[in-house]
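First the structure, in the form of structure tokens, and then the observations on it.
Every chain is numbered from 1, with letters handed out A, B, ... down the list of sequences. Just so it is clear, the model here is predicted, and its values are computed rather than measured. Just the heavy atoms: all of them, side chains too, but no hydrogens, waters or symmetry mates, feed the values below.
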Amino acid sequence: QLQLEESGGGVVQPGRSLRLSCAASGFTFSTYAMHWVRQAPGKGLEWVTVISYDGSKRFYADSVKGRFTISRDNSNNTLYLQMNSLSGDDTAVYYCARDMYSTSSQVLTSWGQGTLVTVSS
Amino acid sequence: QSVLTQPPSVSAAPGQRVTISCSGSNSNIGNNYVSWYQHLPGTAPKLLIYDTNKRPSGIPDRFSGSKSGTSATLDIRGLQTGDEAVYYCGTWNNSLSATVVFGGGTKLTVI
């Protein structure tokens, strides 16, 4: 059964860094593109970033470009999101999601339960 | 403010039909497929429609999608109380940097 389990969320001070992880199981992780999507409190879904199946292509939302880095370890079936220079606007539940294809599309077929990141002093 | 515009809320009675609109531009909906997602609070979002009008396995045919020009529509027939959720449209945005974009979400209330 396909599973995506996010971890690494928590409370972090403004300006600091945090790394999220997403452990994948139940499918061949190395053949699918993967996304991070977030939802701030009381707001809608906001797409954050995507990485192709082999890590060769990465795209970012303008709101995180230059601060966030997506990466993956296909040998360990794990997706990562390195978040630097965090601010209150980054407070959100962060979801990892599997793409329908190996390269990035807008079809997110399966989602994790999310991990909460709170940026506060 | 979302690139794709959805009504904040819609409502209908059980058994009835409701449509949710998603308005964009030629940079996104006009030249790309559209997906629709259902999101209940505290749960993982679920893919309902992809490639504008296709349903993943397990999604009942009460849910259907369509597109005309730069607008897309999610149609839900035979409403059930379990359909009460927030619905999001999503697509590619072919701007300077290719990205995925979502609508602001529409809260469906089954009254």
Quiz item: Considering only heavy atoms, which portion of B/Val34 lies under 4.5 Å from any heavy atom of chain A: side chain, backbone, both, or neither?
Solution: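 Contact with chain A: backbone only.
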B/Tyr33 versus chain A, the contacting section by heavy-atom distance below 4.5 Å |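 For B/Tyr33, the contact with chain A is made by backbone and side chain together.
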Only heavy atoms, only distances under 4.5 angstrom. Which residues in residues 41-48 of chain B are near chain A?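 Within residues 41-48 of chain B, the residues under 4.5 Å from chain A are B/Gly42, B/Thr43, B/Ala44, B/Pro45, B/Leu47.
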By number, which residues in residues 49-69 of chain B have some heavy atom less than 4.5 Å away from chain A?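 The stretch touches chain A at B/Tyr50, B/Asp51.
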Part of [X] within contact of chain B (heavy atom distance under 4.5 Å):
X: A/Lys65; value: side chain
X: A/Val37; value: side chain
X: A/Ser104; value: both

State whether the number of non-hydrogen atoms from other residues, nucleotides or ligands found under 6.0 Å of A/Tyr53 atom OH is greater than 12.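 For A/Tyr53, atom OH is not crowded (no more than 12 foreign heavy atoms under 6.0 Å).
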- Task: Mark yes when over 12 heavy atoms from residues, nucleotides or ligands other than A/Lys57 sit less than 6.0 Å from its NZ; otherwise mark no.
- Result: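 No, NZ of A/Lys57 has 12 or fewer neighbouring heavy atoms, counting only those of other groups under 6.0 Å.
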Query - A/Gln106/B/Thr91 under side chain to side chain donor-acceptor pair (under 3.5 Å): CA gap, chis, key distance, verdict - result: CA-CA 5 Å; A/Gln106 38 76 28; B/Thr91 189; 5.0 Å; no
Of all heavy-atom pairs between B/Ser35 and A/Val107, which one has the smallest distance, and what is that distance?
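Heavy atoms of B/Ser35 and A/Val107 come nearest at OG-CG2, 3.8 Å.
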### Query
How would you list all residue pairs meeting side-chain hydrogen bond (donor to acceptor under 3.5 Å, both in side chains) that involve residues 22-39 of chain A, not counting sequence neighbours?
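Every pair satisfying side-chain hydrogen bond (donor to acceptor under 3.5 Å, both in side chains) with a residue in residues 22-39 of chain A: A/His35-A/Trp47, A/His35-A/Asp99, A/Arg38-A/Glu46, A/Arg38-A/Asp90, A/Arg38-A/Tyr94, A/Gln39-B/Tyr88.
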- Item | Whether B/Phe102 and A/Trp111 hold their rings parallel, tilted or perpendicular, with breakpoints at 30° and 60° |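 Taking A/Trp111 first and then B/Phe102, their aromatic rings sit tilted (interplane angle of 30° to 60°).
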Check: residues 4-26 of chain B side-chain donor-acceptor pairs under 3.5 Å, at least two apart:
unit_1	atom_1	unit_2	atom_2	d
B/Gln6	OE1	B/Cys89	N	3.1
B/Gln6	OE1	B/Gly105	N	3.2
B/Gln6	NE2	B/Tyr87	O	2.8
B/Gln6	NE2	B/Thr106	OG1	3.0
B/Gln16	OE1	B/Ala13	N	3.4
B/Arg17	NE	B/Asp75	OD1	3.2
B/Arg17	NE	B/Asp75	OD2	2.9
B/Arg17	NH2	B/Asp75	OD2	2.6
B/Ser25	OG	B/Ser27	N	3.2
B/Ser25	OG	B/Asn28	ND2	3.2

Interatomic spacing from OH in B/Tyr37 to CG in A/Leu45 - rounded to 0.5 Å
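Result: 9.5 Å between the selected atoms.
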